[in-house]
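Only one structure is covered here, and it is reproduced in the block below.
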Amino acid sequence: MRPCAVIPTYNNCTTLRRVVEEVATYVNDIIVVNDGSTDSTADILNNIAMPVEVITFDHNRGKGAALKAGIERARALGYTHAVTIDSDGQHYPSDIPGLLEVAEAAPHAIILGRRGTRHENMAASSTFANRFSNFWFTVQTFKSPGDTQTGFRVYPIHRRLHFVTSRYEAELAVLVDACWRGFSLISVPVKVYYPPVDERVSHFRPARDFARISILNTCLCFLAVIYGYPSMAWHKFIKKNQ
């Protein structure tokens, strides 16, 4: 097992340096994807103390595109697993060893850092979006990992992952597709911090992103019937008879 960290970032200059430095305490190799930031992100990455691989987009392409680029680069460099973590300071890098320990025991599974849905200062729109996505995820896959929106994950990048969308909803879509193709999901409880509203930097756009999630879920429900359910049944049959 050879892990690295992939950190997508977009205009999170106030927390980026701290997140990268704390992640470096637990993971030796880090890839940061600067998703077209217009703040001082580029300067921070140019002057950060430790060696960091940086991928820079000339304009904002979306979190899904940033994750895809970071994971493809990690795979090209020979890493077997990628720890993905947001750069907004929401997650605690001190939880990384626990996630990697589970990944080492189950090297072909996707490990999810489960945040729960009730936390101080958590926006009502985020709570609703999470519960909405969790419900439809269960309909589409018969699985209930508890947090389908978490950005704190360990991906087994030695297996092919399909990032079919480029924006906020990409992390949901990749999980659904992975379940249909026989991946296991393992949820691990993690700590989370939501700053007060006046200190929060969020790129979640309630109306637009919720609309995208709704359209995605409509498509996924249709695809589940014609492809997802038969595919899951086939993979279950194969595993049972190995």
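Because the structure is predicted, anything quoted here is derived from the model rather than measured.
Of all heavy-atom pairs between Cys13 and Ile44, the closest is O-CD1, 3.3 Å. Contact between Val23 and Ala5 at its shortest, heavy atoms only, is CG1-CB, 3.7 Å. Across Pro107 and His81, no two heavy atoms sit closer than the pair O-NE2, 2.9 Å. The two residues Ile157 and Ala74 have their closest heavy-atom pair at CD1-CB, 3.6 Å. Of all the heavy atoms in Pro3 and Asp29, the pair that sits closest is O-OD2, 4.5 Å.
Between Ile111 and Arg153, the closest side-chain pair of non-hydrogen atoms is not below 4.5 Å. Side-chain atoms of Thr9 and Val32, non-hydrogen and from C-beta on, do get closer than 4.5 Å to each other. In this structure, Tyr10 and Thr41 have side chains that are not in contact, with every pair of non-hydrogen atoms separated by 4.5 Å or more. The side-chain heavy atoms of Pro145 and Arg114, taken from C-beta on, include no pair separated by under 4.5 Å. Using a 4.5 Å heavy-atom threshold, the side chains of Ile30 and Val20 count as touching. In this structure the side chain of Lys63 never reaches within 4.5 angstrom of the side chain of Arg167, judged on heavy atoms. Contact of the Glu101 side chain with the Pro97 side chain is not registered, since no non-hydrogen atoms from C-beta on lie closer than 4.5 Å. When side chains are defined from C-beta on, Lys68 does not count as touching Arg73, because their heavy atoms never get closer than 4.5 Å.
No path of Ile, Leu, Val, Met, Phe, Trp and Tyr side chains, each step under 4.5 Å between heavy atoms, connects Val174 with Val164, placing them in separate hydrophobic clusters. If you chain together hydrophobic residues whose side chains sit under 4.5 Å apart, Phe142 and Phe183 fall into the same group. Following chains of ILVMFWY side-chain contacts shorter than 4.5 Å, one can reach Val225 starting from Leu216, so the two form part of one hydrophobic cluster. Hydrophobic clustering (ILVMFWY, side-chain heavy atoms < 4.5 Å, transitive): Val139 and Ile226 are in one cluster.
A donor-acceptor pair shorter than 3.5 Å can be found between the side chains of Arg115 and Gln90. Thr148 and Ser133 form no side-chain donor-acceptor contact under 3.5 Å, judged by distance and modelled atom types alone.
Of the candidates Asp35, Asn11, Thr38, Asp35 is the only one forming a side chain to side chain contact (heavy atoms under 4.5 Å, CB included) with Asn60.
Distance check, rounded to the nearest 0.5 Å: CG of Asp86 to OG1 of Thr15 gives 9.5 Å.
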Could you go through the salt bridge (Lys or Arg N to Asp or Glu O under 4.0 Å) check for Asp95 and Lys191 one step at a time?
CA-CA 7 Å; Asp95 282 320; Lys191 301 180 293 295; 3.0 Å; yes

May I have the step-by-step check of side chain to side chain donor-acceptor pair (under 3.5 Å) for Gln149 and Asn134, ending in yes or no?
CA-CA 8 Å; Gln149 295 293 328; Asn134 290 344; over 6 Å; no

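In this structure, Thr56 contributes its side chain and Asn34 its backbone to no donor-acceptor pair below 3.5 Å. A donor-acceptor pair is defined here as one N or O able to donate and one able to accept, closer than 3.5 Å; no such pair exists between the side chain of Asp177 and the backbone of Ala173.
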